[in-house]
Asks: 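Got a structure here, written out as structure tokens. Questions coming.
A quick note: this is a predicted structure, and the numbers were derived from the prediction, not measured.
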Amino acid sequence: QVRLVESGGGAVRPGGSLRLSCAASGRTFSSYPMAWFRQAPGKERTFVAAILWSDVDTTYADSVKGRFIISRDNAKNTVYLQMNNLKPEDTAVYYCAADSVPLPRIGHGDSLEYDYWGQGTQVTVSS
């Protein structure tokens with residue numbers, strides 16, 4: 001019955017910003033890692049950002065460092081992705097993921113680490 005639901009996607013011009021949300025239900029994830037991945041058409045799903053139980057324990061893909069910020073509100077069981085200075089190459093379906101263990105088994109940048117996934121939300125960056 002665990003469910004992750006993403007929201008906040010849409011169309012934006014290059015240089016613009018979007019804030020994605022991922023609301024979890026069916027389980028409290030306050031002590032478990034959560035992450036964002038993305039998948040562009042015809043491409044494989046790639047890592048974007050991850051956050052552990054502390055808001056200082058974050059990691060980012062090199063392509064989004066300095067532009068994206070991952071955060072979480074444990075009281076709301078929700079994780080966010082603030083995306084700034086968006087580029088056309090950021091266009092993709094963005095997926096929220098949650099782990100089932102507090103420490104990594106494979107790695108927090110690997111999609112195989114995560115056990116729960118949302119349905120995805122489309123982000124389109126174009127002129």
Side-chain angles (χ1 to χ4, degrees):
Q1 197 175 13
V2 173
R3 181 163 63 174
L4 305 178
V5 180
E6 302 96 335
S7 62
V12 66
R13 298 190 302 275
S17 298
L18 285 172
R19 181 173 179 261
L20 305 183
S21 298
C22 173
S25 61
R27 183 180 180 181
T28 299
F29 287 96
S30 60
S31 61
Y32 299 92
M34 298 185 73
W36 290 93
F37 289 76
R38 65 187 181 185
Q39 187 168 21
K43 304 294 184 180
E44 62 185 353
R45 188 171 300 186
T46 59
F47 172 74
V48 176
I51 186 168
L52 278 64
W53 51 89
S54 172
D55 61 2
V56 301
D57 293 324
T58 59
T59 184
Y60 298 89
D62 288 342
S63 59
V64 305
K65 286 181 179 177
R67 299 189 297 123
F68 291 9
I69 301 172
I70 187 171
S71 62
R72 65 194 302 165
D73 185 339
N74 288 333
K76 296 182 178 180
N77 211 24
T78 299
V79 65
Y80 305 94
L81 184 68
Q82 177 66 45
M83 304 184 294
N84 301 313
N85 192 24
L86 284 161
K87 304 175 180 179
E89 46 265 47
D90 294 318
T91 296
V93 176
Y94 283 70
Y95 296 91
C96 177
D99 211 340
S100 62
V101 293
L103 297 176
R105 299 159 294 181
I106 301 171
H108 289 138
D110 193 319
S111 63
L112 296 177
E113 175 68 39
Y114 300 92
D115 302 295
Y116 308 102
W117 292 85
Q119 83 290 345
T121 185
Q122 177 71 46
V123 172
T124 302
V125 185
S126 65
S127 300

Asks: Suppose the criterion is side-chain hydrogen bond (donor to acceptor under 3.5 Å, both in side chains): which pairs have a residue in residues 5-15, not counting sequence neighbours?
Replies: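 side-chain hydrogen bond (donor to acceptor under 3.5 Å, both in side chains) check on residues 5-15 returns Glu6-Gln119.
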Asks: Using the rule that Ile, Leu, Val, Met, Phe, Trp and Tyr join whenever any side-chain heavy atoms are under 4.5 Å apart, tell me whether Val5 and Met34 fall into a single cluster.
Replies: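 In one cluster with Val5: Met34, no.
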Asks: Is Trp117 linked to Leu81 within one hydrophobic cluster, defined over Ile, Leu, Val, Met, Phe, Trp and Tyr using a side-chain heavy-atom separation of less than 4.5 Å?
Replies: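 Shared cluster, no.
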Asks: Quick check: does any side chain N or O of Thr58 sit under 3.5 Å from a backbone N or O of Ile51, one acting as donor and the other as acceptor?
Replies: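 Not at all, since once roles are kept as given, no pair shorter than 3.5 Å links the two residues.
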Asks: Let me confirm one number: the CD-OG1 distance from Glu44 to Thr46, rounded to the nearest 0.5 Å.
Replies: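 Taking CD in Glu44 and OG1 in Thr46, the distance rounds to 7.0 Å.
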Asks: Report the residues that fulfil ring pair (Phe, Tyr, Trp, His ring centres under 6.0 Å) with Phe47, sequence neighbours left out, ordered by chain and then residue number.
Replies: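 With neighbours one apart ignored, the set is Phe37.
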Asks: Of all residues at least two apart in sequence or in a different chain, which pass the side chain to side chain donor-acceptor pair (under 3.5 Å) check with Thr124?
Replies: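 Thr124 satisfies side chain to side chain donor-acceptor pair (under 3.5 Å) with Gln122 once adjacent residues are dropped.
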Asks: Sequence neighbours excluded, which residues qualify as side-chain contact (heavy atoms from CB on, under 4.5 Å) partners of Gln39?
Replies: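 Checked Gln39 against side-chain contact (heavy atoms from CB on, under 4.5 Å); matches are Arg45, Tyr95.
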Asks: Please identify each residue that fulfils side-chain contact (heavy atoms from CB on, under 4.5 Å) with Thr28, with sequence neighbours left out.
Replies: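 If we apply the side-chain contact (heavy atoms from CB on, under 4.5 Å) test to Thr28, skipping adjacent residues, the hits are Ser30, Asn77.
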Asks: Output all residues satisfying side-chain contact (heavy atoms from CB on, under 4.5 Å) with Ala23, sequence neighbours left out; order by chain, then residue number.
Replies: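 Partners of Ala23 under the side-chain contact (heavy atoms from CB on, under 4.5 Å) test: Thr78.
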Asks: Grab the two heavy atoms, one from Tyr114 and one from Pro33, that are nearest each other, plus how far apart they are.
Replies: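 So the minimum-distance heavy-atom pair works out to CE2-O, 4.2 Å.
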Asks: Is there any salt bridge (Lys or Arg N to Asp or Glu O under 4.0 Å) pair reaching into residues 73-90, and which pairs are they, with sequence neighbours excluded?
Replies: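 Qualifying pairs: Arg38-Asp90, Arg67-Asp90.
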Asks: Looking only at heavy atoms, what is the nearest atom pair of Met83 and Val123, with distance?
Replies: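 Looking at all heavy atoms of both residues, the shortest contact is CE-CG2, 3.8 Å.
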Asks: State which residues pass side-chain contact (heavy atoms from CB on, under 4.5 Å) with Lys65; sequence neighbours excluded, sorted by chain then number.
Replies: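 So Lys65 forms a side-chain contact (heavy atoms from CB on, under 4.5 Å) with Tyr60, Asp62.
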Asks: Which atom pairs, one a donor and one an acceptor, fall under 3.5 Å between side chains of residues 14-21 and the rest of the protein, sequence neighbours left out?
Replies:
| residue | atom | partner | partner atom | Å |
| --- | --- | --- | --- | --- |
| Ser17 | OG | Asn84 | OD1 | 3.0 |

Asks: Using the rule given for side chain to side chain contact (heavy atoms under 4.5 Å, CB included), can you reason through Phe68 versus Trp36, listing the C-alpha separation, both sets of side-chain angles and the distance that settles it, and then say yes or no?
Replies: CA-CA 11 Å; Phe68 291 9; Trp36 290 93; over 6 Å; no
Asks: Which atom pairs, donor and acceptor, lie under 3.5 Å between side-chain atoms of residues 97-107 and protein residues at least two apart or in another chain?
Replies:
| residue | atom | partner | partner atom | Å |
| --- | --- | --- | --- | --- |
| Asp99 | OD1 | Arg105 | NH2 | 2.9 |
| Ser100 | OG | Asp115 | OD2 | 2.4 |
| Arg105 | NE | Glu113 | OE2 | 3.4 |
| Arg105 | NH2 | Glu113 | O | 2.6 |
| Arg105 | NH2 | Asp115 | OD2 | 2.9 |

Asks: Looking at every non-hydrogen atom in both residues, tell me the closest pair between Val48 and Val64 and how far apart they are.
Replies: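 Looks like O-CG2, 3.5 Å.
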Asks: Looking only at heavy atoms, which two atoms of Leu4 and Cys22 are closest? And how far apart?
Replies: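 In terms of heavy atoms, the two residues are closest at CB-SG, 3.9 Å.
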Asks: Can you sort out the partners of Tyr80 under ring pair (Phe, Tyr, Trp, His ring centres under 6.0 Å), two or more places apart, ordered by chain and number?
Replies: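 By the ring pair (Phe, Tyr, Trp, His ring centres under 6.0 Å) rule, Tyr80 matches no residue at all.
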Asks: Write out all pairs satisfying salt bridge (Lys or Arg N to Asp or Glu O under 4.0 Å) with one or both partners inside residues 22-33, taking only residues at least two apart or from two chains.
Replies: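 For residues 22-33, and leaving out neighbouring residues, there are no salt bridge (Lys or Arg N to Asp or Glu O under 4.0 Å) pairs at all.
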Asks: Answer yes if Val79 and Val93 sit in the same cluster of Ile, Leu, Val, Met, Phe, Trp and Tyr residues linked by side chain heavy atoms under 4.5 Å apart, and no otherwise.
Replies: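 Hydrophobic grouping puts Val79 apart from Val93.
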